[in-house]
Amino acid sequence: MLALTKSSSDKDIEVQVSDWLSQHWTADVANETALDPEAMQRWIVKVYEAGLAAPSWSRTYRGLELTKRQCLIIAKKFAEQKAPGAYRERYHLGAATVYSEGSADLKKELLPKLITGPICCLLYSEPGAGSDLASVRTRAEKFDQHYKITGQKIWTSNALDADYALLLARTNWDVPKHQGITFFIFPMRQDGVEVRPINQITGESEFNEVFLSEAVVPASYVLGEVDKGWHSFQSAIAHERLIMGQGITARRANVPEGGEPPLISIARRYGRYETSEDRQRIAQALAFRELNRLTGERARRDTARSGVSPLTLLGKLAMSRIQHGESALATDLMGNHSLLDGDCYPDAAGVNFDAAKAYMNSIGGGTDQIQKNMIAERLLGLPRELDVSKDIPFKDVKLG
């Protein structure tokens with residue numbers, strides 16, 4: 001591991017990380033990782049062992065206990081060399097949740113696996129429990145040192161590729177709905193797990209239905225406490241909203257780091273950049289992005305300090321507005337060209353893809369409408385919406 005601490009200067013971090021990369025990220029390694037997934041896996045493990053894959057974590061779990069600002073310096077040095085693997089705990093929801101909510105033994109067992117590779121999907125929403133996740137009916141029954149899981153989940157991103165999942169399941173039906181839920185880290189590669197892709201308007205099948213039939217999860221894989229998983233789940237959903245609030249979603253045409261914002265490029269190409277009104281609209285769109293970034297920084301600091309932050313609700317809702325607004329503005333800037341189709345018109349393909357993709361951010365992680373409800377309640381202090389099922393045993397809650 002690198003000899004870095006919170007007292008290390010920015011210059012010292014830059015020098016040590018640059019020296020480490022010059023020794024390990026050679027041209028041969030870069031070429032090999034680009035062609036061979038196993039070579040990429042070996043590289044990520046090497047980054048983790050150096051303390052650079054999760055530099056904010058405790059040294060007990062191969063971290064360096066650095067501040068967020070110091071971690072970003074590491075990420076920047078890696079980006080300059082086009083080297084993958086640094087500061088992965090920012091975006092690996094499974095690893096981040098196990099780190100914050102798992103037992104010491106569970107962290108020791110799973111963190112090295114999670115942070116160095118496997119995708120972790122989210123088994124939250126159900127056909128009857130989307131906006132109201134506390135109404136989940138997937139059943140978890142304990143047998144010896146395992147739970148058997150039976151139920152159905154829907155709108156699960158990347159379920160086909162995931163090795164693990166964060167799972168909400170009901171373990172107690174005799175208490176009100178928020179009190180009888182347990183949160184698990186769940187192994188996906190097993191009998192009793194069936195994944196069915198859902199075809200989307202973008203042409204992707206990122207979302208899936210997942211059917212669970214007496215699938216097994218060890219009792220030691222509980223995150224937090226049995227029957228009190230709603231509290232543990234809040235830290236995971238807050239982290240997800242932070243990620244979504246920063247727009248960390250798949251996009252067809254990414255701009256190179258440090259390059260010109262896409263809206264400016266489109267305006268130039270279609271002769272709209274010299275119009276003051278259009279420049280003002282572009283400036284406003286970019287200002288929204290910067291404002292959302294700053295709000296996200298505040299939310300991260302609050303989350304690091306107290307575990308949750310209602311500001312994550314603002315960031316997630318803001319990114320929905322940004323994505324819908326930017327795709328509409330780009331369409332307007334392109335005019336009739338946005339109606340063209342085919343490989344010869346990549347701008348049109350990209351803009352139309354982004355317009356359709358924006359709806360994912362408006363639904364995933366909680367719909368915009370639910371976000372507004374929570375902002376009203378948690379940020380503005382307005383009265384909660386009436387929920388007649390909140391305080392009665394869940395077994396007595398009526399379906400439909």
Does [atom1] belonging to [X] count more than 12 external heavy atoms closer than 6.0 Å?
| X | atom1 | value |
| --- | --- | --- |
| I201 | CD1 | no |
| K108 | NZ | no |
| R279 | CZ | yes |

Going by atom types alone, do E194 and S213 pair a side-chain donor with an acceptor below 3.5 Å?
no
Evaluate the side-chain proximity of [Y] to [X]: yes if any heavy-atom separation is below 4.5 Å, no if none is.
| X | Y | result |
| --- | --- | --- |
| D347 | Y270 | yes |
| S135 | F394 | yes |
| R269 | H337 | no |
| N208 | P197 | yes |
| N158 | E206 | yes |
| V17 | I73 | no |
| W43 | K46 | yes |
| L223 | L166 | yes |

Salt bridge or not for [X] and [Y], using N-O below 4.0 Å?
| X | Y | answer |
| --- | --- | --- |
| E80 | K77 | yes |
| K357 | D354 | no |
| E141 | K148 | no |
| D10 | R69 | yes |

Looking at [atom1] of [X] and [atom2] of [Y], how far apart are the two atoms once the value is rounded to the nearest 0.5 Å?
| X | Y | atom1 | atom2 | value |
| --- | --- | --- | --- | --- |
| L122 | F186 | CG | CZ | 13.5 Å |
| I181 | S232 | CD1 | OG | 11.0 Å |
| N172 | D227 | CG | CG | 4.5 Å |
| I115 | L110 | CD1 | CG | 12.0 Å |

Parallel, tilted or perpendicular, as decided by the 30° and 60° cut-offs, for the rings of H178 and W230
perpendicular
Y61 vs Y99 aromatic rings, parallel, tilted or perpendicular, using cut-offs 30° and 60°?
perpendicular
Backbone N/O of V15 and side chain of S18: donor-acceptor pair under 3.5 Å
no
With a 3.5 Å distance limit and no angle check, can you tell me whether R88 reaches the backbone of L52 through a side-chain donor-acceptor pair?
no
Does one hydrophobic cluster hold both L160 and Y164, with members joined at side-chain heavy-atom distances below 4.5 Å?
yes
P127: which of K153, E209, Q152, R137 passes side chain to side chain contact (heavy atoms under 4.5 Å, CB included)
Q152
Taking the six-membered ring for Trp and the full ring for Phe, Tyr or His, determine whether the centres of Y124 and F233 are under 6.0 Å apart.
yes
D332 and R272: side-chain contact (heavy atoms from CB on, under 4.5 Å), yes or no, with the steps?
CA-CA 10 Å; D332 186 40; R272 299 286 291 269; 3.8 Å; yes
